Amino acid sequence: QVQLVESGGGLVQAGGSLTLSCAASGRTFNSYAMGWFRQAPGKERKIVAAKSRSGMSTYYEDSVKGRFTISKDNAKNTVYLQMNSLKPEDTAVYYCAARLGYGLGSVSSEYDYWGQGTQVTVSS
């Protein structure tokens, strides 16, 4: 079992930056691959970025490549999502998720534990 708590969301102007944090407690953090998902109103939850258990593999959704960076600090039991050059279309609730299985996981059903979400709003 693991508990995930996100923080760092907020309101930012287009072109600005935010860093989301996800603190994990419970089972050994490096047993999990970690992902960040987002869900805009009326849309399905989709993956934004993921980092493997070891940290050696990373995935980014095409629209955030070059702008977002996921990082995993096993010593602090925390995963981060650095978001730069934010656009209004990045507005969504962002969720942190943990996956026990092997591989990165690209859909929400492949993740086992979820945080409560944090709102990111990008104004134009």
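Note that the coordinates shown come from a computational prediction; the quantities given were computed from them, not determined experimentally.
Side chains of Thr118 and Leu20 form a contact here, defined as non-hydrogen atoms less than 4.5 Å apart. For the pair Thr121/Val12, no side-chain contact is recorded, criterion being any heavy-atom separation below 4.5 Å from C-beta on. Gln116 is not listed as a side-chain neighbour of Leu4, based on a closest heavy-atom distance of 4.5 Å or more. Between Tyr102 and Arg53 there is a side-chain heavy-atom pair separated by less than 4.5 Å.
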Pair Leu18-Leu86, side chain to side chain contact (heavy atoms under 4.5 Å, CB included): steps then yes or no:
CA-CA 8 Å; Leu18 280 176; Leu86 283 160; 4.2 Å; yes

So Trp36 and Lys51, side chain to side chain contact (heavy atoms under 4.5 Å, CB included) or not? Walk me through it.
CA-CA 9 Å; Trp36 283 99; Lys51 177 75 79 173; over 6 Å; no

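The minimum heavy-atom distance between Ala14 and Ser124, with the atom names listed, is CB-CA, 4.4 Å. Closest non-hydrogen pair, Val2 versus Ala24, comes out as CG2-CB, 3.9 Å. Scanning all heavy atoms of the two residues, the minimum distance from Met34 to Ala98 falls at SD-CB, 3.7 Å. Contact record, Lys72 with Asn74: NZ-OD1, 3.1 Å, taken as the closest heavy-atom pair.
In the hydrophobic clustering of this structure, Val64 groups with Ile70; members are Ile, Leu, Val, Met, Phe, Trp, Tyr whose side-chain heavy atoms approach within less than 4.5 Å, directly or through other members. Note on Val120 and Leu81: same hydrophobic cluster, where clusters join Ile, Leu, Val, Met, Phe, Trp and Tyr whose side-chain heavy atoms are under 4.5 Å apart, directly or indirectly. The hydrophobic clustering, which links ILVMFWY residues whose side-chain heavy atoms are closer than 4.5 Å, places Val93 and Val122 apart.
Between the side chain of Asp112 and the backbone N or O of Leu100 there is at least one donor-acceptor pair closer than 3.5 Å. Not a single donor-acceptor pair under 3.5 Å links the side chain of Glu61 to the backbone N or O of Lys65.
In this model, no donor atom of one side chain and acceptor atom of the other lie less than 3.5 Å apart for Ser123 and Gln13.
Pairs passing the side-chain hydrogen bond (donor to acceptor under 3.5 Å, both in side chains) check and including a residue from residues 81-92, sequence neighbours excluded, read Ser17-Asn84, Thr19-Gln82, Arg38-Asp90, Arg67-Asp90, Gln82-Asn84. Legend: ring pair (Phe, Tyr, Trp, His ring centres under 6.0 Å) pairs involving residues 46-99, not counting sequence neighbours: none detected. Among residues at least two apart or in separate chains, disulfide bond (SG atoms under 2.5 Å apart) pairs with a member in residues 61-124 are Cys22-Cys96.
Under the rule for a ring pair (Phe, Tyr, Trp, His ring centres under 6.0 Å), the partners of Tyr111 that lie at least two apart in sequence or sit in another chain are Phe37. Residues satisfying the salt bridge (Lys or Arg N to Asp or Glu O under 4.0 Å) test with Arg45, not counting sequence neighbours, are none.
In the hydrophobic clustering (ILVMFWY side chains linked at under 4.5 Å, chained through shared members), Val5 stands by itself.
Interatomic distance, Ser106 OG to Arg99 CZ, rounded to the nearest 0.5 Å: 8.5 Å.
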